[in-house]
There are 2 protein chains.
Amino acid sequence: MKNKEAISVFLALGQETRLNIFRLTVQRGNIGVTPGEIVEILGIPNATLSFHLKELQHADLVLVERRSRNLIYRPNADLVKRISDFLLENCCGGKPCIPVAQTSKGKI
Amino acid sequence: MKNKEAISVFLALGQETRLNIFRLTVQRGNIGVTPGEIVEILGIPNATLSFHLKELQHADLVLVERRSRNLIYRPNADLVKRISDFLLENCCGGKPCIPVAQTSKGKI
DNA sequence: TTCATATTTCCAATTATATGGAAATATTAA
DNA sequence: TTAATATTTCCATATAATTGGAAATATGAA
């Protein structure tokens, strides 16, 4: 996980419509969801949806497959775990974490 | 975890400087880090840092404590786990996940 | 072909975010 | 007090993201 990669994920999820879209794909799982369904469910214009889906795709948060006339979007759930690991990387400089109680209100 | 809460976290982390600041606080753990140190380490102007620290604070990603003339910033590492749980909430509609291989390239 | 459905692209207007110098404020030591 | 250090606020400028209507493109059915 690189810094740039993580930023694109966070930027993608830091927007209400996109967060809703992503969470919807998670709820669908491998059944997936089409743009048409998303427009129905979330009530957003198709131009707006298309823009946001592309952002999610660029962040690699969703995977897309064409199936006849429809596109099917599915979540890249694995990425969520990798992101959370990235954020906690080298926690406490690699040493065992010192509980807050021992230091935060006492002497350091 | 509410939608708004999650968005503020993602918005906070979707910016290079803030992501670097947050990861630095994680690496420090409960020892914490002061704005002065952050300015030194990341090489950003203090006005810029102050702005970003406030964003991280508003997102509840960092906790702050005054210690004499210094402020000490520490990560709210717990929030990282809650965010990741939120993203995967009600995965596959609550039913056991169907592996991709069974559906994505076959008939649905 | 022709037609209907599904989705994307274009584009211009709006709104939001980031930057950093300079000045202001806060805290403590001497 | 006065001086030194630490941090924040102000503010104007610059940059980037969001929106959605209308038109264009893609796909497959009849």
Side-chain angles (χ1 to χ4, degrees), chain A residues 3-22 24-25 28 31-74 105 107-108, chain B residues 3-25 28 31-59 61-74 105 107-108:
Chain A
N3 229 303
K4 290 266 147 73
E5 202 181 341
I7 286 167
S8 81
V9 168
F10 292 129
L11 269 185
L13 295 175
Q15 206 279 347
E16 181 145 38
T17 302
R18 284 195 297 264
L19 182 57
N20 289 334
I21 296 168
F22 179 70
L24 180 55
T25 67
R28 290 302 191 98
I31 287 168
V33 62
T34 67
E37 291 178 295
I38 300 174
V39 161
E40 277 289 300
I41 295 168
L42 299 183
I44 45 183
N46 51 5
T48 305
L49 175 64
S50 192
F51 168 78
H52 288 306
L53 278 175
K54 203 169 315 157
E55 297 287 305
L56 287 170
Q57 237 183 297
H58 288 155
D60 198 32
L61 278 162
V62 297
L63 309 170
V64 62
E65 177 196 358
R66 181 170 282 278
R67 190 151 216 72
S68 166
R69 252 181 292 208
N70 298 294
L71 292 177
I72 302 185
Y73 286 86
R74 297 191 177 84
K105 296 293 176 189
K107 55 185 173 293
I108 293 181
Chain B
N3 227 304
K4 291 265 148 75
E5 201 181 340
I7 287 167
S8 82
V9 167
F10 292 129
L11 270 184
L13 296 175
Q15 206 278 350
E16 181 146 38
T17 303
R18 282 194 299 262
L19 182 58
N20 288 335
I21 295 169
F22 180 71
R23 301 224 306 145
L24 180 55
T25 67
R28 290 302 191 100
I31 288 168
V33 61
T34 66
E37 290 179 296
I38 301 174
V39 161
E40 276 288 300
I41 295 168
L42 300 182
I44 46 184
N46 50 4
T48 303
L49 175 65
S50 192
F51 168 78
H52 289 307
L53 278 175
K54 203 170 314 162
E55 297 286 305
L56 287 170
Q57 238 183 297
H58 288 156
L61 278 162
V62 297
L63 309 170
V64 61
E65 177 197 358
R66 180 170 282 280
R67 190 150 215 73
S68 165
R69 253 181 289 206
N70 298 296
L71 292 177
I72 302 184
Y73 286 86
R74 296 192 178 86
K105 296 292 175 189
K107 54 184 175 295
I108 293 182

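All chains are named by letter (A, B, ...) in the order of the sequence lines, taking the proteins before the strands, and each is independently numbered beginning at 1. For the numbers below, each heavy atom of this structure counts, side chains included, while hydrogens, waters and symmetry mates do not.
Inter-residue side-chain proximity for A:Leu63 and A:Tyr73 is flagged as unmet; no heavy-atom pair is nearer than 4.5 Å. Contact check for A:Leu53 versus A:Phe51: no side-chain heavy atoms found under the 4.5 Å cut-off.
Legend: side chain to side chain donor-acceptor pair (under 3.5 Å) pairs involving residues 6-20 of chain B, not counting sequence neighbours, sorted by first then second residue: A:Asn3-B:Asn20, B:Arg18-B:His52. Sorted by first and then second residue, the salt bridge (charged side-chain N to carboxylate O under 4.0 Å, His left out) pairs involving residues 46-61 of chain A (not counting sequence neighbours) form an empty list.
Of the residues in residues 10-21 of chain A, those lying under 4.0 Å from DNA chain D by heavy-atom distance are A:Gln15, A:Arg18.
Counting any heavy atom pair closer than 4.0 Å across all strands shown, B:Thr48 reaches a base atom.
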Look for any protein N or O under 3.5 Å of an N or O in nucleotides 3-7 of chain D and output each such pair with its distance, or none.
unit_1	atom_1	unit_2	atom_2	d
D:dA4	N3	B:Arg69	NH1	3.2
D:dT5	O4'	B:Arg69	NH1	3.4
D:dA6	O3'	B:Arg69	O	3.4
D:dA6	O3'	B:Asn70	OD1	3.3
D:dT7	OP1	B:Leu71	N	3.0
D:dT7	OP2	B:Gly36	N	2.8

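The 5' end of DNA chain D is approached more closely, in terms of each residue's nearest nucleotide, by B:Leu53 than by the other of A:Phe51 and B:Leu53. Taking for each of A:Ser68 and A:Ala47 the nucleotide of DNA chain D with the nearest heavy atom, the 5'-most of the two is the partner of A:Ala47.
The minimum heavy-atom distance between A:Glu65 and A:Arg67, with the atom names listed, is OE2-NH1, 3.0 Å.
When rounded to the nearest whole Å, the span between CD of A:Glu65 and P of C:dA6 equals 17 Å. Atom P of nucleotide D:dT19 and atom CD1 of A:Ile44 are separated by 9 Å, given to the nearest angstrom. Computed from coordinates, the B:His52 NE2 to C:dT19 P distance equals 4 Å when rounded to whole Å. B:His58 places its NE2 atom 13 Å from the C1' atom of D:dT9, with the value rounded to the nearest Å.
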What donor-acceptor contacts under 3.5 angstrom involve side-chain atoms of residues 31-39 of chain B, with partners at least two apart or in another chain?
unit_1	atom_1	unit_2	atom_2	d
B:Thr34	OG1	B:Glu37	N	3.2
B:Thr34	OG1	B:Glu37	OE1	3.4
B:Glu37	OE1	B:Thr34	N	2.9

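With B:Thr25 as the fixed residue, the side-chain contact (heavy atoms from CB on, under 4.5 Å) test singles out one of B:Val62, B:Leu56, B:Ile72: B:Val62.
The environment of CD in B:Glu40 is sparse: at most 12 heavy-atom neighbours from other residues, nucleotides or ligands sit within 6.0 Å.
With axes fitted over five pairs at each extremity, the angle between the ends of the helix from C:dT1-D:dA30 to C:dA30-D:dT1 is 30° (10° resolution).
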